[in-house]
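Each residue takes its place number in the sequence, starting with 1.
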Amino acid sequence: MSDSKKEAYRPKIHTGSVLDDVTVHSKTLDDIGVEILPVHAGGTIHAKRIAGKFRTFKWLVASIWIILFVGPYLRWNGNQAILWDLTNRQFHIFGLTILPQDIWMLAMILLFFALLLAASTAIAGRVWCGYFCFHTVWVDVFTWLEEKFEGKPGKRIKLDAEPMSWQKVKIKLPKHLAWLFIAFMTGFSFVAYFVDSFQLWARLVNFELGYYEGMTIAVLAGLTYLTAGFMREQVCMGFCPYSRIQGAMTDTETVMPTYDRDRGEPRGRAKRPKPGEETPELGDCIDCRMCVDVCPTGVDIRLGQQFGCITCGLCIDACDEIMEKISKPKGLIRYAAINEFAGKELPPIWRRPRVLVYTSIMTFAAAAMIWGLATMSPIEVTVLKERAPLFVQMSDGSVQNKYTVKIVNKSESVMHAQVTVTGHNDLIFIADRVADVEPGNVGSVGLLVRIPRNKLTLESTPIEIMVTDLNNPQIVDRYTSVFHGPKR
Ligand code: SF4
Ligand code: SF4
C-alpha cells in the first residue's frame, strides 16, 4: 500500500469539532448532526451508541441471557427445575433425571449446538459473536452502564485522561460497584445451578459458603469483571478460540457486514469549491467515521472484512442513519457476501454444500435427542446372570440359575421395586427382596430361578424379568435374559 493510501486509511483521532469549511454533498456534518468522536483513547474503545434495527435486535437477543439469572429459582414439583447434582452424578431438568448412562444425550445436545454455531457461521459469519455470545452481551451491558455513569464517549475519554482525583473516584466508583454486582451475580448464578439455589443464598448470608462454592463464585465474578469491564474486545480477538477457527467455516457466499466500495469510493467530504473550481466527483461515503465510532471492536469496515469484526451490524445502523440524513439510499454498509459484489448470484441456503453438511449433522443430533427423550423411562433395568456356575442341579431335581437385577430409579420419588419372572410354565423364582430405590439411585435385587429338569426342553430357555414400581404400577421395565440348563 502506498504511503498516501496508508495515510488515508490510518485511524484518525478527531477532536470533536467539525471543520466549518467542510460540506458534505452540499451539507455540513453539523447540518446532519454528526459529531465525530475519537473511539480509541489509550487503548480503550469508547464506542458511540446509536439507535437502529440491529441495536434493537441486539438488546432483544441479549435479554435471553436473563434466563441465566432466573434459571436456578425455577421449581418443578417442589424441586429445583434445573440442577446439576454433581455429588450424585445426576442432571435434573424439569422432572427429568439424566444419569451418567444417558450422558450420550448431553453429547447430542453439545453436538447440535456446535453444528448450529458452524451453520450460522457459514451463513452469516460471526453472528454468534455479534448478538448471542455471553461475553458480547456482558460487554454491552457494562459499557451501557459506563455511559449512564460517566457520560458519552468524548466525556469518558477526557475523564480517563485526567489525573486521579477524589472527583474522578466519585464519578467512577458507582460504575465499578455496578460492574462488581453484575459480576458477582454471574458467578453466583452459575454456582446456583449445581446446588440448591435458596440454600446457597442462606449459606452466603450466614457466611457458611463451602470452600469450592466460594472460590468458584469469586473466580467467575473476577473473570467477568476483568473481561467484560476491561479486556472487552481483546477477549474476542486474542483469547476466544472460536474467533480463530471461524474463518474456516466461512466462504465467499457468507453474508457479513460489508462496505460497498464501488458505491462509497472515493470517499470524502467535499470542500466548498472556490470560485471557478470544479466540485470533485465523490462516492457516497462522506468519511464521517460514524461506522468506526460505533464499532465495539474499533474496526473500520471500509478497509474490508476483518478478523476483528464480530458481525454485530452496528456500523450498518450508523451508516444507514447518515445516508438517510444526506438523502442517499441506505445500504452503503450492508450484510452481503463477497460473491454478491463480484456480480455472482448467491445460491439458496439449502444448496450450499457446507450448510447442508452442518444442518444434516444437526438434524441427526436433534433427532437422536428427541428419540432419547421420548423413549426415556423413569426406570431402567439391567440383569447380570451368574456364569460360574452357569446353572446348578438341585437335590429336588430342578435346575437353578442365579441373577442380579439392577434397577435405576430415574424418577423423582422413591421406587418400591418388585421383580417377577415369566417365560416357562413350570418356572418358579425367588427374589431376595422388594427393593426401595431412592430417586437417582441404583437398587440391586438377587434373583434365583428354578425349572424342573424334566420340563426343560431347551439348553437355553428365554425368560423375561419384569420390574414394577409398586408405588406407581405404571412404571414397569422388562429385561429379556436366558435360563441355562444341561445339554440335551
Ligand atoms: S461508510 Fe457510512 S458511516 Fe462510514 S464513514 Fe462512510 S458515510 Fe460515514
Ligand atoms: S465492523 Fe461493524 S459489524 Fe463489524 S464489529 Fe464493527 S460495528 Fe460490528
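Checked against side-chain contact (heavy atoms from CB on, under 4.5 Å), Thr252 has the following partners two or more places apart in sequence or in another chain: Ile338, Asn339. Remark: Leu173 pairs with Leu177 by the side-chain contact (heavy atoms from CB on, under 4.5 Å) rule, at least two apart or across chains.
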Is there a side-chain contact (heavy atoms from CB on, under 4.5 Å) between Trp350 and Thr359? Walk through the geometry before answering. CA-CA 9 Å; Trp350 61 88; Thr359 45; over 6 Å; no

Determine, stepwise, if the pair Phe194 / Phe190 fulfils ring pair (Phe, Tyr, Trp, His ring centres under 6.0 Å). CA-CA 8 Å; Phe194 293 85; Phe190 180 81; 5.3 Å; yes

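Looking at Arg49 and Asp317, no side-chain N of the basic residue comes within less than 4.0 Å of a carboxylate O on the acidic one, giving no salt bridge. Look at Asp469 and Lys410 and you find no salt bridge, because none of the NZ, NE, NH1 or NH2 atoms lies under 4.0 Å from a carboxylate O.
Note on ring orientation: taking the six-membered ring where Trp is involved, the planes of Phe132 and Trp128 are parallel (angle under 30°, cut-offs 30° and 60°). Relative ring orientation between Trp201 and Phe184 is described as perpendicular, the plane-to-plane angle rising above 60° on a 0-90° scale split at 30° and 60°. Below 30°, between 30° and 60°, or above 60°: for Tyr131 and Phe54 the angle between ring planes is between 30° and 60°, a tilted geometry. Taking the six-membered ring for Trp and thresholds of 30 and 60 degrees, Phe198 and Tyr73 have ring planes inclined between 30 and 60 degrees apart.
Scanning both residues, Ile301 and Tyr259, for their nearest heavy atoms gives O-CB, 3.7 Å. Considering all non-hydrogen atoms of both residues, His135 and Thr227 come closest at CE1-O, 3.4 Å.
Ser460 has its side chain out of reach of Phe483: every pair of non-hydrogen atoms, C-beta onward, lies at least 4.5 Å apart.
Counted within 6.0 Å of NZ on Lys385, heavy atoms from surrounding residues, nucleotides or ligands total more than 12; the atom is thus considered enclosed.
For the residue pair Thr224 / Trp138, no side-chain donor-acceptor distance below 3.5 Å is found, with atom types taken as modelled.
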